[in-house]
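Below is one structure; the comments refer to it alone.
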Protein chains: 2
Amino acid sequence: MTNSVAPTRRRGSDKRDRLVAAATQLLLEQGIERTTLADVAAAANVPVGNVYYYFKTKDDLVAAVVTGYIERAKAVLHEIEIKYRTPKARLRALVRQLTAHGDQIAETGCPVLCSELGKRAGIDLSQSELMKNPLVWAEDQFRSLGRTDARELSQQLMADYEGSALLSNTLNDPSILRAMSRRLLAWIESM
Amino acid sequence: MTNSVAPTRRRGSDKRDRLVAAATQLLLEQGIERTTLADVAAAANVPVGNVYYYFKTKDDLVAAVVTGYIERAKAVLHEIEIKYRTPKARLRALVRQLTAHGDQIAETGCPVLCSELGKRAGIDLSQSELMKNPLVWAEDQFRSLGRTDARELSQQLMADYEGSALLSNTLNDPSILRAMSRRLLAWIESM
DNA sequence: GTCTATAAATCGATAGAC
DNA sequence: GTCTATCGATTTATAGAC
């Protein structure tokens, strides 16, 4: 009984990881529908046909990208909890984290891909950890601050972030995201 | 010299209009890339091949949809200017207008399609009237209120709208958009 | 496990009859 | 102007050699 799993992760080959990494970047830059498996394979230096050894369908590859994003986000939230002990400091850290790569966001748009994912069949984003995790996390922080409207505040925070990311991308102007970041930090400070 | 134009609008046929109307709805519901010309033709009750009599390419059809959106938005802003004379009343009317069809927005997402349009070749959204018109219009209203940071306020307004529309769609919850509407109205009121 | 070659399906676009 | 039939390119996916 070895500890090998599925037709995935095996010692000595990082092809699967390279494919997910390449897909993560390309899906963001070009969008899901405009990115072909050939694009991904080329960027990962993997022959096209071999992609199907690791992912049965394109949807599976997209799902792997989303899972990767969810895991990274989870790790970031966990690190913030360890590093900062007060709700305010944690919320500030979240805002800084979200807007940290502002220039890239201005180029690629919302890094969550939700507007596209929601239009793909078989995905119920409202139940996905993709948005739920950060929303619930921020809600918990606001509640720790004694706010009874924690849910609404959390949604407001994420909406402000997503909206300014979208506008930054549309107008190709990173300063919009930075302005929103300043505003959110002041807002949290004033609580 | 008649008043007929291009291979378009002719007395007695509304095929072109039907195609644009069908495309407008389908692009919103399914996204640009996932909507085929066959989809549009079927929804408009027009044979597939005939689409190309009215639009040389799919991009042309998309452009017609965008133009239609820009014209309608322009008309709405113009009507608001006629109906309301103070900047505050005008801004309130804009917010109400933007969030008027909240339930549909929760289903289809941002009605401006900017996240998808930006990823299509040959479109510079930062120069398009699509976002520029409402942004400049709101900026003018804020400036009339004596605000020197009118530009930033206008961007903030549109980012809040886009973000809450996106989140409403992602979580399939129209109340998020309504909450943002209330918040924006109070914000304008307090100026 | 890896890769090449190719099948199968989809879709944008065109030709040409009416 | 309208419509049918179909081409050609692209892309997802599979078969099968190594």
Side-chain angles (χ1 to χ4, degrees), chain A residues 2-24 26-27 29-66 116-117 119-123, chain B residues 2-24 26-27 29-66 116-117 119-123:
Chain A
T2 75
N3 61 355
S4 70
V5 262
T8 60
R9 289 131 218 241
R10 274 197 76 76
R11 195 165 28 109
S13 173
D14 59 343
K15 281 201 171 64
R16 199 195 122 100
D17 290 340
R18 293 214 310 273
L19 284 169
V20 174
T24 299
L26 285 173
L27 294 192
E29 287 174 6
Q30 310 181 342
I32 298 176
E33 311 298 336
R34 293 181 78 83
T35 300
T36 69
L37 292 176
D39 288 340
V40 177
N45 263 306
V46 171
V48 218
N50 202 4
V51 174
Y52 289 91
Y53 176 73
Y54 297 97
F55 304 97
K56 232 176 51 177
T57 65
K58 182 179 179 179
D59 275 339
D60 284 357
L61 177 56
V62 172
V65 170
V66 172
E116 276 195 271
L117 284 172
K119 276 161 185 163
R120 285 185 81 86
I123 302 181
Chain B
T2 75
N3 61 354
S4 69
V5 261
T8 60
R9 288 130 219 244
R10 272 197 77 78
R11 192 165 32 109
S13 174
D14 59 344
K15 281 200 172 62
R16 198 195 123 100
D17 291 340
R18 292 213 311 272
L19 284 169
V20 174
T24 300
L26 284 173
L27 293 192
E29 287 175 5
Q30 310 182 340
I32 298 176
E33 309 299 336
R34 291 182 77 84
T35 300
T36 68
L37 292 176
D39 289 340
V40 178
N45 264 306
V46 171
V48 219
N50 202 3
V51 173
Y52 290 90
Y53 176 73
Y54 297 97
F55 304 97
K56 232 176 51 178
T57 65
K58 183 179 179 179
D59 275 340
D60 284 358
L61 176 56
V62 172
V65 170
V66 173
E116 276 197 90
L117 283 171
K119 276 162 185 160
R120 285 185 82 87
I123 302 183

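Quick note on labels: first sequence line is chain A, next is B, and so on, each numbered from 1.
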What residue pairs, at least two apart or across chains, pass salt bridge (charged side-chain N to carboxylate O under 4.0 Å, His left out) with a residue in residues 44-65 of chain B? B:Asp59-B:Arg120
What is the distance from CG of B:Asp60 to P of C:dG12, rounded to the nearest Å? 13 Å
side-chain hydrogen bond (donor to acceptor under 3.5 Å, both in side chains): which pairs involve residues 37-50 of chain A, sequence neighbours left out? A:Thr36-A:Asp39
Heavy atoms only: give me the nearest A:Glu116-A:Gly31 pair and the separation to one decimal. OE1-CA, 3.1 Å
With sequence neighbours excluded, what pairs up with A:Thr35 under the side chain to side chain donor-acceptor pair (under 3.5 Å) test? A:Gln30
Within the structure, does a side-chain N or O atom of B:Tyr54 lie under 4.0 Å from either OP1 or OP2 of D:dT2? yes
Partner of A:Thr24 under side chain to side chain contact (heavy atoms under 4.5 Å, CB included), picked from A:Val65, A:Leu19, A:Leu61, is A:Val65
Under 4.0 Å: is that the gap between some side-chain N or O of B:Tyr52 and OP1 or OP2 of C:dA13? yes
Suppose we screen for side-chain contact (heavy atoms from CB on, under 4.5 Å). Which residues come up paired with B:Ala43, at least two apart in sequence or across chains? B:Ala22, B:Leu26
Taking NZ from A:Lys58 and C1' from C:dA9, how many angstroms apart are they, rounded to a whole number? 14 Å
Taking side chain as C-beta onward, heavy atoms only, is A:Leu37 less than 4.5 Å from A:Tyr52? yes
Atom pairs under 3.5 Å: protein N/O with N/O of nucleotides 3-6 of chain C:
{"residue": "C:dC3", "atom": "OP2", "partner": "A:Asn50", "partner atom": "ND2", "Å": "3.2"}

Atom CG of B:Asp59 and atom P of C:dC11 are separated, to the nearest Å, by 16 Å
Do B:Tyr53 and B:Arg16 come close enough that some side-chain heavy atom pair is under 4.5 Å? no
Residues from residues 31-40 of chain B sitting under 4.0 Å of DNA chain C, heavy atoms only? B:Thr35, B:Thr36, B:Leu37
If I take atom CD in residue B:Gln30 and atom C1' in nucleotide C:dT10, what distance separates them, rounded to the nearest angstrom? 15 Å
